[in-house]
Amino acid sequence: MKVIFLGTPDFAVASLKALIKSKHEVVAVVSQPDRAKDRKGNLLPTPVKVAAQENGIEVYQFEKIRTDGIEILKSIDADIMVTAAYGQILSREILEMKRFGVINVHASLLPKYRGSAPIQWAVINGETETGITIMQTDVGVDSGAMLSSVKTPIGENETAGELTDRLKEMGADLLIETLELLSKNKIIAVPQDEMSATKCRMLEKADGHLDFTRNKREIVCRCNGVTPFPGAYAVLDGTPVKIGKVLSVSGNYGKCGKISVVGNEMIAACADGGIKILQLQLPGKNMMLAKDFLRGHRLNDGAEFV
RNA sequence: CGCGGGGUGUAGCAAUAGGUUAGCUUUUCGGGCUCAUAACCCGAAGGUUGGAGGUUCGAGCCCUUCCCCCGCAA
């Protein structure tokens, strides 16, 4: 089939590359306008844009696809549009423009976790499994009828970043499979159960603030869910400290947030045990191992994370 | 020209108002103690203090410029 691919972040790149390698033809790529900037303020291209250009595929970046994308999309001969974390909502006009409409690769087991950061929220909420769902896009947010899905367990200490890396490959594989069946009309779309649908919002910086008055399991999930973006952190002696990998440990470590140094390990107390901090990062510094941190910094007895 | 922090032996940090042998922890090697050890004791190795200029009697520290890293903001 002739495919127009719409996607933006790294997650979508895997699907795009799989499409390019498949027998299908990617006739055009649409991505969000470049927004990311480096420290000098230079705009950085989106990952999908980079991948498309490397393969010599025409890239379009519409400020608002529902208005300025219409004419161009119409003019491109294609059978279907595929979206993967594109970032803009499509109008009915666009949804019905091509023969097979629009299908979307979504990183959750719909109808749960519709919306922006499904992988992260699944980890934060302590889910034990998640997956990929491919569905026919309709006018709602991730509400269209489901075409296919695949499940995967979430590792005890798996971060959202690691899980994303796995899911994007699973999504790419499932996409190719689904496209194959779809082109032969061998798929029956299953409507989502609206009653059990849940929606999640985008993550913001503050979502990364670890609350040590909570239980260890919650804290570890929270930390894993916001890693690597937007990043977990806590405040130590007035300075924000980014926190990398953590593990939960049992035992009583005193007041929530209090930091104990045991040998060359660093453990922060929480409601029902302790959180072992394996990596941390000070402003202006690189991420370092806790034992390295302890070599250069003497913590006083009252040291605690807030 | 968005704001800001930083580049010191393997790693993490120090170094009073510029001053003499650049310190500490860790690591490595040698030796000792021990039933044993990631513990402890003794000793040793290892730095052109990111690069290049400049000011000075004297620069890790001050000035100029370049390279690299990072936090915030987007």
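Naming convention: chains lettered A, B, ... in sequence-line order (proteins, then strands); numbering from 1 in each chain. Just so it is clear, the structure is predicted and the values come from calculations on it, not from any experiment.
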Span that lies between the [atom1] atom of [M] and that of [N], in whole angstrom:
{"N": "B:A59", "M": "B:C13", "atom1": "P", "value": "27 Å"}
{"N": "B:C70", "M": "B:G12", "atom1": "P", "value": "14 Å"}
{"N": "B:U48", "M": "B:U37", "atom1": "C1'", "value": "40 Å"}
{"N": "B:C63", "M": "B:G6", "atom1": "P", "value": "13 Å"}
{"N": "B:C62", "M": "B:G2", "atom1": "P", "value": "26 Å"}

Worksheet item: Which part of the nucleic acid, if any, lies within reach of A:Lys242 when heavy atoms closer than 4.0 Å are counted: base, sugar-phosphate only, or nothing?
Response: sugar-phosphate

Worksheet item: Base, sugar-phosphate alone, or nothing: which one does A:Lys285 contact when heavy atoms must sit under 4.0 Å apart?
Response: sugar-phosphate

Discussion item. For the CD1 atom of A:Ile80 and the CD1 atom of A:Ile103, what is their distance to the nearest 0.5 Å?
Written reply: 4.0 Å

Practice prompt. Please report the C-alpha distance between A:Gln61 and A:Lys49 in whole Å, then the side-chain angles of each, then the deciding distance to 0.1 Å, and finally whether the side chain to side chain donor-acceptor pair (under 3.5 Å) criterion is met.
Written response: CA-CA 9 Å; A:Gln61 296 178 286; A:Lys49 179 184 184 180; 3.1 Å; yes

Discussion item. Between A:Asn125 and A:Tyr113, is there a side-chain donor-acceptor contact under 3.5 Å, judged purely by atom types and distance?
Written reply: yes

Practice prompt. Take A:His297 and A:Gly284, find for each the nucleotide of RNA chain B with the closest heavy atom, and name the residue whose nucleotide sits nearer the 5' end.
Written response: A:Gly284

Worksheet entry | Closest nucleotide among B:G71, B:C72, B:G6 to the A:Lys205 side chain | B:C72

Worksheet item: Are A:Leu294 and A:Leu247 grouped together when hydrophobic residues (ILVMFWY) are joined by side-chain heavy atoms under 4.5 angstrom apart?
Response: no

Practice prompt. Determine: side-chain N/O of A:Arg39 to OP1/OP2 of B:G71, distance under 4.0 Å, yes or no.
Written response: yes

